[in-house]
2 protein chains.
Amino acid sequence: MKKEELIISTALKLFVENGFHGTATSRIASESGVANGTLFNYFATKEILIVSIYNSIMKKMDDFIIEGIASNSVSKNAFKSLFVASLRWNLENPAAFQYMQQFNNSPFAKSAISKTLKQEEHPLYVLIKNGIDLVVLKPMPAALVFSLFNAQINGLYYYLLNNTIESERTDELTEDTFEMLWKMIQD
Amino acid sequence: MKKEELIISTALKLFVENGFHGTATSRIASESGVANGTLFNYFATKEILIVSIYNSIMKKMDDFIIEGIASNSVSKNAFKSLFVASLRWNLENPAAFQYMQQFNNSPFAKSAISKTLKQEEHPLYVLIKNGIDLVVLKPMPAALVFSLFNAQINGLYYYLLNNTIESERTDELTEDTFEMLWKMIQD
DNA sequence: ATTCTAACTGACTAATCAGTCGTAAAAATA
DNA sequence: TATTTTTACGACTGATTAGTCAGTTAGAAT
């Protein structure tokens, strides 16, 4: 692993465990196996490191979601594949997920403009917009449906996180929860 | 205002603005108009202060929600009143809401056991449990429905937060969103 | 082999911070 | 009023931290 990536992954783990200010840059460096000064060769300040990790996660997430697109047609299946892809990413990357939560609710969030997909460009947003235009979905503000869709994913995610469920049952619940969501948003 | 309350409200504001470790106890004290040492008379450590604020918000929130209970019967209206009360509390206390988010996604979250309503005792959870037993709601795990219910509130809240909406339209959207939720969870 | 360059190193520093403590004011009690 | 108890004060400290920098290393280029 390249040093830069190594620092990012160590920092991600430590930030989630101890918080941003609770994690000393010296600790990140030593646990990454690099010298103190090396960290600052890659990231001029701690804040830049924190925002870089955010952008790095965002990119991976967006790539994963985009891969998960089953079709460009406005079909129930298209929504379902995005629902499942989003949920799976959260389940498979809980540390990254929590990093995002921590970051988004921190004062650093405002420093993170751009570099990441704007809401109106997000595949799910586009799909929802088309769905509403084509009267497949209820006539509501697309941004609201987008927000509710993501909220539903989070709701299911937190349930699965706090209750130990076998993976077979997880799939079943994912199915059921998506059906509920679909019943809710379809026209 | 009592000094203790004064410190709590100042600290709440500063923690939301600058993060937990980004806010010096000395700054909290001086902005509260009390001496440095006085703060530590009320809260032995910074961590105790942070957790105390959490508990203080939790209590106010629970009280507000409990007040919002329209009836003990398992009716659509009972669910709606809890939905509306929860949402309204968030909208009227955005700083406190963000504090909770920040806290729950921080390493301090684990220190916050007890003092606060357990999930199974939460009025909404009880209502959902009864709703499922009485076949008013879909036969799903009560904890999942609870999680989805709260997620829906958050989804709507974030939409309203990020899009400036007149209060009249807010009520309308709240109404519509609850109807969607109800369609989703009812049997 | 020698030079050049870019990455790397870690001891160091100036600043900051959580928490202490001896003293003083204020409040309660007698 | 006199005495005791509680609350408030703020200068101080030991510990920690983000970031620096003068020098080293390793490998590529000549």
Side-chain angles (χ1 to χ4, degrees), chain A residues 1-57 99 102-113, chain B residues 1-57 99 102-113:
Chain A
M1 219 197 289
K2 282 254 166 288
K3 286 218 169 69
E4 188 175 342
E5 276 300 314
L6 192 65
I7 292 169
I8 285 188
S9 77
T10 306
L12 166 52
K13 185 184 127 250
L14 290 175
F15 283 145
V16 166
E17 272 170 25
N18 310 109
F20 293 125
H21 297 265
T23 306
T25 52
S26 57
R27 174 121 187 258
I28 297 170
S30 76
E31 291 210 15
S32 299
V34 304
N36 215 320
T38 302
L39 187 148
F40 290 98
N41 284 343
Y42 289 98
F43 307 96
T45 67
K46 189 178 182 180
E47 176 157 355
I48 287 174
L49 170 59
I50 290 170
V51 176
S52 296
I53 295 175
Y54 170 83
N55 286 325
S56 151
I57 294 175
Y99 187 92
Q102 203 169 296
F103 182 89
N104 283 322
N105 293 294
S106 81
F108 298 108
K110 61 181 179 326
S111 330
I113 12 98
Chain B
M1 216 196 288
K2 280 254 167 290
K3 287 219 168 73
E4 188 175 342
E5 276 300 314
L6 192 65
I7 292 169
I8 284 188
S9 77
T10 306
L12 165 52
K13 186 183 126 252
L14 290 174
F15 282 145
V16 166
E17 271 170 26
N18 309 110
F20 293 125
H21 297 264
T23 306
T25 51
S26 56
R27 176 123 185 259
I28 297 170
S30 77
E31 291 210 15
S32 299
V34 303
N36 216 319
T38 302
L39 187 148
F40 291 97
N41 283 345
Y42 288 99
F43 308 97
T45 68
K46 190 179 183 180
E47 176 158 355
I48 287 174
L49 170 60
I50 291 171
V51 175
S52 296
I53 295 174
Y54 170 84
N55 286 325
S56 150
I57 294 175
Y99 187 92
Q102 202 168 298
F103 182 89
N104 284 322
N105 293 294
S106 80
F108 298 108
K110 60 180 178 326
S111 331
I113 14 98

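First the proteins, then the strands, lettered A, B, ... as listed; each starts at 1.
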Would a distance-only check, ignoring hydrogens and angles, find a side-chain to backbone donor-acceptor pair under 3.5 Å from B:Ser56 to B:Ser52?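 Not confirmed, B:Ser56 side chain does not pair with B:Ser52 backbone.
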
Any side-chain to backbone donor/acceptor pair from B:Lys3 onto B:Leu39? Under 3.5 Å, distance only.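 Not a single qualifying donor-acceptor pair exists.
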
Rounding to a whole Å, what distance do you find between [X]:[atom1] and [N]:[atom2]?
{"X": "B:Leu14", "N": "C:dA18", "atom1": "CG", "atom2": "P", "value": "12 Å"}
{"X": "A:Glu4", "N": "C:dC8", "atom1": "CD", "atom2": "P", "value": "10 Å"}
{"X": "B:Leu39", "N": "C:dG19", "atom1": "CG", "atom2": "P", "value": "10 Å"}
{"X": "B:Lys46", "N": "C:dG19", "atom1": "NZ", "atom2": "P", "value": "8 Å"}
{"X": "B:Asn36", "N": "D:dC12", "atom1": "CG", "atom2": "P", "value": "13 Å"}
{"X": "B:His21", "N": "C:dG19", "atom1": "NE2", "atom2": "C1'", "value": "15 Å"}
{"X": "B:Phe43", "N": "C:dA18", "atom1": "CZ", "atom2": "C1'", "value": "16 Å"}
{"X": "A:Leu6", "N": "C:dC8", "atom1": "CG", "atom2": "P", "value": "11 Å"}

Find out whether [X] and [Y] are in side-chain contact, i.e. whether some heavy atom of one side chain is under 4.5 Å from a heavy atom of the other.
{"X": "B:Tyr42", "Y": "B:Leu49", "answer": "no"}
{"X": "A:Ile28", "Y": "A:Val34", "answer": "no"}
{"X": "B:Ile50", "Y": "B:Tyr99", "answer": "yes"}

Among C:dT9, D:dC9, D:dG19, which nucleotide has an atom closest to any side-chain atom of A:Phe40?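 Between C:dT9, D:dC9, D:dG19, the one nearest the side chain of A:Phe40 would be D:dG19.
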
Among the nucleotides C:dG19, C:dT9, D:dA8, which one has an atom lying closest to any side-chain atom of A:Ala35?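 Looking only at heavy atoms from C-beta outward on A:Ala35, the closest nucleotide is C:dT9.
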
Which part of the nucleic acid, if any, lies within reach of B:Ser30 when heavy atoms closer than 4.0 Å are counted: base, sugar-phosphate only, or nothing?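 B:Ser30: no heavy atom of the nucleic acid under 4.0 Å.
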
Assign B:Tyr42 to base, sugar-phosphate, or nothing according to its heavy-atom contacts below 4.0 angstrom with the strands shown.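 Sugar-phosphate only.
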
Phosphate contact (D:dA18 OP1 or OP2) by A:Thr25 side-chain N/O below 4.0 Å: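 Yes.
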
Take B:Lys3 and A:Gly22, find for each the nucleotide of DNA chain D with the closest heavy atom, and name the residue whose nucleotide sits nearer the 5' end.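 With B:Lys3 and A:Gly22 compared, the 5'-side residue is B:Lys3.
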
Decide yes or no, distance alone: a donor-acceptor N/O pair under 3.5 angstrom between the base of C:dA7 and the side-chain of A:Asn41.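 Side chain to base: no pair present.
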
